[in-house]
2 protein chains.
Amino acid sequence: MLKVKEVSELIGISVRTLHHYDEIGLLSPEKMSGSGYRLYTDTDLEMLQQILFFKELGFPLKRIKDIINQPSFNRKEALETQRKMLLEKKKRLNQMLTLIDKTLKHEKGELELSNKERFEGFDFSKNPYEEEARERWGNEAVDKSKKKVSSMSTSEQKEMEGKMNAIYRRLAELRDSSPTSEESQEAIKEWYDFLNSNFGHQYSYEAFKGLGQMYVADERFTKNIDQFGEGLAKFMSEAMTAFADKNK
Amino acid sequence: MLKVKEVSELIGISVRTLHHYDEIGLLSPEKMSGSGYRLYTDTDLEMLQQILFFKELGFPLKRIKDIINQPSFNRKEALETQRKMLLEKKKRLNQMLTLIDKTLKHEKGELELSNKERFEGFDFSKNPYEEEARERWGNEAVDKSKKKVSSMSTSEQKEMEGKMNAIYRRLAELRDSSPTSEESQEAIKEWYDFLNSNFGHQYSYEAFKGLGQMYVADERFTKNIDQFGEGLAKFMSEAMTAFADKNK
DNA sequence: ATTGACTCTCACGTTACGTGATACTTTAAA
DNA sequence: TTTAAAGTATCACGTAACGTGAGAGTCAAT
């Protein structure tokens with residue numbers, strides 16, 4: 001069992017960080033000495049490794065706490081998911097390297113670079129790995145929408161629900177047409193805007209696409225959506241994918 | 001020329017961020033409309049790209065501002081340095097992937113993993129790229145010490161200078177002995193502690209070693225230090241390297 | 001003229017610690 | 001056994017980098 005300085009030196013994080021993690025309930029050591037000293041066990045260190053990987057991937061500490069406290073949390077699975085996420089991060093890094101090379105060529109007058117192209121290697125999606133985390137450890141869109149809704153007044157809830165239903169009904173009318181038609185895409189845009197302005201969560205196009213995929217993968221979504229019309233979830237999923245791919 | 005929302009949507013950063021960068025003088029648009037709207041030119045966007053690369057590499061905004069305001073700042077050179085840094089970042093990412101693979105093997109009982117090994121892919125050095133930035137855009141140890149000194153009272157300056165000179169003199173006395181001797185290492189530790197408590201900058205052992213190397217690589221340092229004794233810069237450099245290697 | 005979208009500044013809030021202070025505990029040396 | 005230095009705790013303010021909401025001014029289309 002290690003005390004704070006020992007852990008701090010072993011890993012290279014500050015004692016203050018360890019205190020902070022204890023305070024917020026993220027990592028509280030399994031044992032305390034009689035005089036109130038924190039004593040970290042091997043198990044604590046195993047969990048700390050998990051935390052540091054999630055932190056490296058840009059997850060806020062609160063979210064990390066959520067995740068590791070899931071009853072279904074399993075370290076081996078987590079490592080595999082984190083591995084996948086790190087590979088994606090590596091891909092993004094490669095995109096940035098490609099962008100630098102292009103910019104250097106541009107500086108040398110070897111190629112043209114539009115303003116848009118100048119920033120194509122950057123991706124400021126909120127947290128690109130949150131979608132994956134959600135799939136594995138919790139469906140935050142559903143959870144968050146439930147929470148957000150429950151904190152509204154009744155009339156606010158009715159208004160929002162009315163808007164949502166209207167969009168669903170509109171989409172249901174369109175579900176026999178092509179998901180990529182102009183009308184369908186317009187309606188999906190409305191859905192995209194609605195989600196982004198009412199649920200305290202900002203969807204990237206990629207995340208929106210992932211959400212659409214979940215509509216058909218997750219029974220709860222499919223059932224809920226298909227109330228408005230048989231096959232609506234599938235239609236929306238396809239339309240959302242098309243929307244995201246068109247706008248990326 | 002683009003207004004804030006256009007820039008925000010082009011790149012994916014918030015309007016607030018652009019406001020903030022203007023406020024702190026990091027990126028102020030070249031033009032303003034008659035009514036006070038920020039108007040960003042292509043040149044502004046070029047600089048913003050630079051800023052975002054530095055930010056990706058973990059540089060604080062203040063430091064980024066320092067760097068890009070250097071008279072010697074040159075975008076092509078910056079891109080090349082940033083490229084190098086991103087490659088290093090990629091290497092660190094690979095180390096983490098390797099660590100995950102090792103941890104997974106451990107979970108499966110295929111290998112042993114000590115507590116130390118469990119964290120070997122992590123590196124929490126302050127900002128690992130600062131050393132390189134310093135080499136290229138400014139010798140912050142010198143600059144910062146000058147700035148720090150100029151904001152002190154005269155008596156504070158004398159006291160600090162006295163301490164510094166005493167350490168130099170001590171080291172000068174030892175310069176004909178081995179840089180790794182106990183006495184030399186003690187004196188170097190004093191220098192390390194002095195630097196870390198007087199210049200508003202925290203040296204990692206690696207950075208301290210790098211600084212020692214600069215003493216012989218940078219004419220200004222060598223000249224300044226050798227005032228205390230011929231060959232002192234070289235001696236200190238070697239002793240600092242030994243000190244860092246022993247403590248890492 | 002009106003309205004909705006856009007822009008500005010202001011200012012408080014959030015997140016994740018860094019830092020210094022004060023008091024208690026532990027450890028090693030005298 | 002005592003002492004002093006190192007280690008640990010809690011407290012609380014500060015920093016960095018925005019996020020968020022508010023209120024007022026601007027712009028463009030109807």
Side-chain angles (χ1 to χ4, degrees), chain A residues 1-29 31-40 48 51-52 54-66 124-127 130 148 151 193 196-202, chain B residues 1-29 31-40 48 51-52 54-66 124-127 130 189 193 196-202 204:
Chain A
M1 288 194 293
L2 306 179
K3 282 179 286 199
V4 285
K5 189 178 179 186
E6 291 163 308
V7 175
S8 169
E9 289 179 344
L10 175 69
I11 300 173
I13 63 176
S14 68
V15 167
R16 180 73 186 94
T17 300
L18 293 168
H19 284 176
H20 182 64
Y21 289 177
D22 187 7
E23 280 159 27
I24 65 173
L26 176 60
L27 181 69
S28 299
K31 295 189 194 299
M32 296 281 267
S33 76
S35 41
Y37 286 16
R38 296 171 175 81
L39 303 175
Y40 293 86
L48 184 53
I51 288 164
L52 296 178
F54 279 120
K55 192 175 164 195
E56 176 65 30
L57 291 161
F59 286 86
L61 299 186
K62 262 175 99 178
R63 181 70 179 122
I64 298 174
K65 186 179 161 190
D66 273 351
F124 297 105
S125 324
K126 209 52 182 288
N127 176 8
E130 177 56 41
K148 179 84 173 180
S151 71
D193 292 341
N196 275 348
S197 54
N198 285 287
F199 293 96
H201 178 72
Q202 207 66 26
Chain B
M1 288 191 293
L2 305 177
K3 281 180 291 201
V4 283
K5 189 177 178 188
E6 290 162 307
V7 176
S8 169
E9 288 180 345
L10 176 67
I11 300 173
I13 62 177
S14 68
V15 166
R16 180 75 185 91
T17 301
L18 293 168
H19 284 177
H20 182 64
Y21 290 179
D22 187 8
E23 278 159 32
I24 63 172
L26 176 60
L27 179 70
S28 299
K31 294 189 194 301
M32 295 283 263
S33 76
S35 40
Y37 286 16
R38 295 170 177 84
L39 302 174
Y40 292 87
L48 183 54
I51 289 164
L52 296 178
F54 279 120
K55 194 177 162 194
E56 175 66 30
L57 291 161
F59 285 88
L61 299 185
K62 262 175 101 178
R63 180 69 179 121
I64 298 174
K65 185 178 161 190
D66 273 352
F124 297 105
S125 327
K126 207 61 185 281
N127 177 8
E130 176 56 39
K189 180 174 191 297
D193 291 341
N196 276 349
S197 53
N198 285 287
F199 294 97
H201 180 70
Q202 207 66 23
S204 64

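Every heavy atom of this structure was used, including side-chain atoms; hydrogens, water molecules and symmetry mates were not. It should be emphasised that the depicted structure is a prediction, and the values quoted were computed from it without experimental measurement.
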Open item on the list: By nearest heavy atom, map Lys5(B) and Met32(B) onto DNA chain C; which one lands nearer the 5' end?
Closed with: Lys5(B)

Task: Atom pair distance, as rounded to whole Å: CD in Glu23(B) and P in dC8(C) - done: 11 Å

Task: Sequence-distant partners of Lys189(B), salt bridge (Lys or Arg N to Asp or Glu O under 4.0 Å), two or more places apart - done: Asp193(B)

Task: Separation of atom CD1 in Ile24(B) from atom P in dA17(D), rounded to whole Å - done: 7 Å

Open item on the list: At a heavy-atom distance below 4.0 Å, what parts of residues 8-22 of chain A sit against DNA chain D?
Closed with: Arg16(A), His19(A)

Open item on the list: Using whole Å, what does the distance between atom P of nucleotide dG7(D) and atom CG of Leu2(A) come to?
Closed with: 15 Å

TODO: Specify the separation, in whole Å, of atom CZ of Arg63(B) and atom C1' of dA17(D).
DONE: 18 Å

Open item on the list: Is the shortest side-chain heavy-atom distance between Leu27(B) and Tyr40(B) below 4.5 Å?
Closed with: yes

TODO: Starting from P on dC18(D), measure out to NZ on Lys62(B) and report it in whole angstrom.
DONE: 15 Å

Under 3.5 Å, which donor-acceptor pairs do the side chains of residues 18-26 of chain B form with other protein atoms, sequence neighbours left out?
from	atom 1	to	atom 2	distance (Å)
His19(B)	NE2	Arg38(B)	NH1	3.3
Tyr21(B)	OH	Lys55(B)	NZ	3.2
Asp22(B)	OD1	Ser28(B)	OG	2.8
Asp22(B)	OD2	Arg38(B)	NE	2.7
Asp22(B)	OD2	Arg38(B)	NH2	3.3

TODO: To the nearest Å, give me how far apart OH (Tyr40(B)) and P (dT7(C)) are.
DONE: 10 Å

- [ ] From the options dC17(C), dC8(C), dC18(D), select the nucleotide whose nearest atom is closest to the side chain of Leu61(A).
- [x] dC17(C)

Task: Length of the line joining Phe59(A):CZ and dA16(C):C1', which is rounded to integer Å - done: 17 Å

Task: Contacts of Phe59(B) that satisfy ring pair (Phe, Tyr, Trp, His ring centres under 6.0 Å) - sequence neighbours left out - done: Phe54(B)

TODO: Starting from P on dC18(D), measure out to CD1 on Ile64(B) and report it in whole angstrom.
DONE: 9 Å

Open item on the list: As a test of reading the structure: which of dC18(D), dT8(D), dC6(C) is closest to the side chain of Lys55(B), going by heavy atoms?
Closed with: dC18(D)

Task: Atom of Met32(B), atom of Pro29(B) and distance for their closest heavy-atom approach - done: SD-CG, 4.5 Å

Just the table, please: protein N/O against nucleotides 25-29 of chain C N/O, every pair under 3.5 Å.
from	atom 1	to	atom 2	distance (Å)
dT25(C)	O4'	Tyr37(A)	OH	3.4
dT25(C)	O3'	Ser35(A)	OG	2.9
dT26(C)	OP1	Ser35(A)	OG	2.9

Side chains of residues 1-10 of chain B: which donor-acceptor partners sit under 3.5 Å, not counting sequence neighbours?
from	atom 1	to	atom 2	distance (Å)
Glu6(B)	OE1	Lys3(B)	N	2.6
Ser8(B)	OG	Ile13(B)	O	2.6

Open item on the list: Please tell me if Arg38(A) has a side-chain N or O lying less than 4.0 Å from either OP1 or OP2 of dT8(D).
Closed with: no

Open item on the list: If you compare all heavy atoms of Ile51(A) against all heavy atoms of Ile64(A), which two are closest, and at what distance to 0.1 Å?
Closed with: O-CD1, 3.8 Å

